[in-house]
Protein chains: 2
Amino acid sequence: MIQSVSRALHLLEILARAGGSARLKEISETAALTVPTTHNLLNTLVALGYVRRRQGDTRYHLGDRILNIARVAGNDAQLRERLRPTLKKLYDATQETVFLAVPSGDEIYFLDAIESRKLLHVAAQPGERVGMTGSAIGQLFLAHNASLRARTDVPPGIRDELDRIARDGYAVDHERVFDGIAAVAVPLIEDGEMLAGFGVAAPGNRLTPDLFPSLAARMHQIIADHA
Amino acid sequence: MIQSVSRALHLLEILARAGGSARLKEISETAALTVPTTHNLLNTLVALGYVRRRQGDTRYHLGDRILNIARVAGNDAQLRERLRPTLKKLYDATQETVFLAVPSGDEIYFLDAIESRKLLHVAAQPGERVGMTGSAIGQLFLAHNASLRARTDVPPGIRDELDRIARDGYAVDHERVFDGIAAVAVPLIEDGEMLAGFGVAAPGNRLTPDLFPSLAARMHQIIADHA
DNA sequence: CTAATGATTTCCATGATGCTGAAATTCCAG
DNA sequence: CTGGAATTTCAGCATCATGGAAATCATTAG
């Protein structure tokens, strides 16, 4: 544990709790640090743009450089919060394990999941990360994002499938990736961009290919209504 | 400039630019630090909750503790962005100097302002900070926030005025605080809470007390339409 | 306006602290 | 299972952050 890093971040939190600005003395007292040490830490934060000072004001204010970081950190957390109810609706409608995934670099990242309570069911895997081509949701992203497609090594067998996905608006997987598991995935599109994918996964003998179109339609409906 | 603090924050930004997660080696290369140093910094950030690791995954992910800080830093910036157009409308309607202010601790903080182009006008003072009782906008906050009122030393002369403000929905100042300057302020209320105050300030001989009610009504109108 | 008080900033000596190379361990792909 | 690569641990050393003291600056009262 690096002392000065811990202290510096603590100072930022103190500033936040004080409503965004405070005087040196208050800060040093709250942090239980000496005034010169606090001063040194704060000035480092000022030099980096995480804290600001306004002319004619000796107070320290939270700067907005922190937003560079928070925008990314917040995206995931906020999206999960916001789409939790939709995911729940999807679970209620299917009683199968449901997933919410977002792209992260060249992989997809499972942001949230609700696991089915049926005796035989697919395990939820929030926090897991798989390649783009290795899941129905990943193929959805590939079908919707040309630049992502360009930098991904797409096997020829999947290339045609991407056209179908683009046309029909949903991706499927029937025991291709994992034995015994079938999945249907539909996108959440906002402002013309695919933000996230919803997936339903179930044993292949319960979720047979003939059910795919109607399940996809139901999923589209739920997302349109609740997201 | 404290080296380790600068480095740690840089690592957070690298993680953000990488889309929220990355491997140790990539991070250390991007940051131009040795691997053990990067490891040490990252583990400090993990211990503090600003970076997370998921089990069975050696990657480092942005944590959401940063949001504690960003929520406050972002508030101001976002509010100013969002209310800029309203402030502009207010300026267009009055051609006088207009202000946007928010509470900050026990003072009010001038978040934004547009200065009148008239020959004789009130100076804009974005970034400035004044006591609650020392401005029309501050009195607005006092009238709308009981807990703020409780911890503020309100002069007896103003106490009655607060009742009037609560009743009429606007605050005024005619050469009480600054010689020659008159001001009218109205609140922006959302979810029952006063988030910010808008103010119009002008020379006292242009903005006479008889104009206060009609100006306040016009301001209410503009805010209702655009905020 | 001046003086007095309190807060902020600068400086520097000191030793604790964080840095790095090297080694041990773990992870992961084949 | 095996080999290579990435991660983690470790310890000695130089460096860097720390905090006392003093100087400067801002603020308030008179």
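From a predicted model like this one, the values you see are computed outputs, not experimental measurements. Every chain is numbered from 1, with letters handed out A, B, ... down the list of sequences.
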| query | Between C:dC19 and B:Arg7, is there an OP1 or OP2 to side-chain N/O distance shorter than 4.0 Å? | reply | yes

| said: What is the separation between atom CD1 on A:Ile27 and atom P on C:dA7, rounded to the nearest whole Å? | reply: 14 Å

| remark: Rounded to whole Å, the CG-P distance (A:Leu33 to D:dG19) equals 7 Å

| query | How about B:Leu83 and B:Phe198: do any of their side-chain heavy atoms sit closer than 4.5 Å? | reply | yes

| message | Measure CD/A:Glu29 against C1'/D:dG19 and give the value in whole Å, please. | response | 16 Å

| Rounding to a whole Å, what distance do you find between A:Ile2:CD1 and D:dA17:P? | 10 Å

| query | Whole-Å distance between C:dC27 P and B:His39 NE2? | reply | 12 Å

| Distance below 4.0 Å between B:Thr37 side-chain N/O and C:dT20 OP1 or OP2 | yes

| Within this structure, what is the CG-to-P distance between A:Leu42 and D:dA17, rounded to whole angstrom? | 15 Å

| query | Between A:Gln3 and C:dA16, is there a side-chain N or O to OP1/OP2 distance below 4.0 Å? | reply | no

| How about B:Glu96 and B:His121: does a side-chain donor come under 3.5 Å of a side-chain acceptor? | no

| task | Quickly work out the B:Arg53 CZ to D:dA6 C1' distance and round it to whole Å. | result | 11 Å

| request: Consider the side chain of B:Tyr60, meaning its heavy atoms from C-beta on, and name the nucleotide among D:dT8, D:dA17, D:dG19 that approaches it most closely. | output: D:dT8

| Contact under 4.0 Å: B:Arg59 side-chain N or O vs C:dC28 OP1/OP2 | no

| query | Should the pair A:Arg164-A:Glu161 be classified as a salt bridge under the 4.0 Å nitrogen-to-oxygen rule? | reply | yes

| request: Choose from C:dT8, D:dA17, D:dT7 the nucleotide whose nearest atom is closest to any side-chain atom of B:Val35. | output: D:dT7

| note | The answer to which of A:Met1 and A:Pro36 contacts DNA chain C further toward the 5' end, by nearest nucleotide, is A:Pro36

| remark: On DNA chain C, more 5' by nearest nucleotide between A:Leu24 and B:Thr58 is A:Leu24

| message | Distance check needed: D:dT15 P versus A:Asn40 CG, whole Å only. | response | 19 Å

| message | For A:Arg7, run the side chain to side chain contact (heavy atoms under 4.5 Å, CB included) check against A:Asn40, A:Thr37, A:Ile2 and tell me which one passes. | response | A:Thr37

| query | Are the side chains of B:Leu207 and B:His174 in touch, meaning some heavy atoms are under 4.5 Å apart? | reply | no

| Does B:Arg23 place a side-chain N or O at less than 4.0 Å from the phosphate oxygens OP1/OP2 of D:dT8? | no

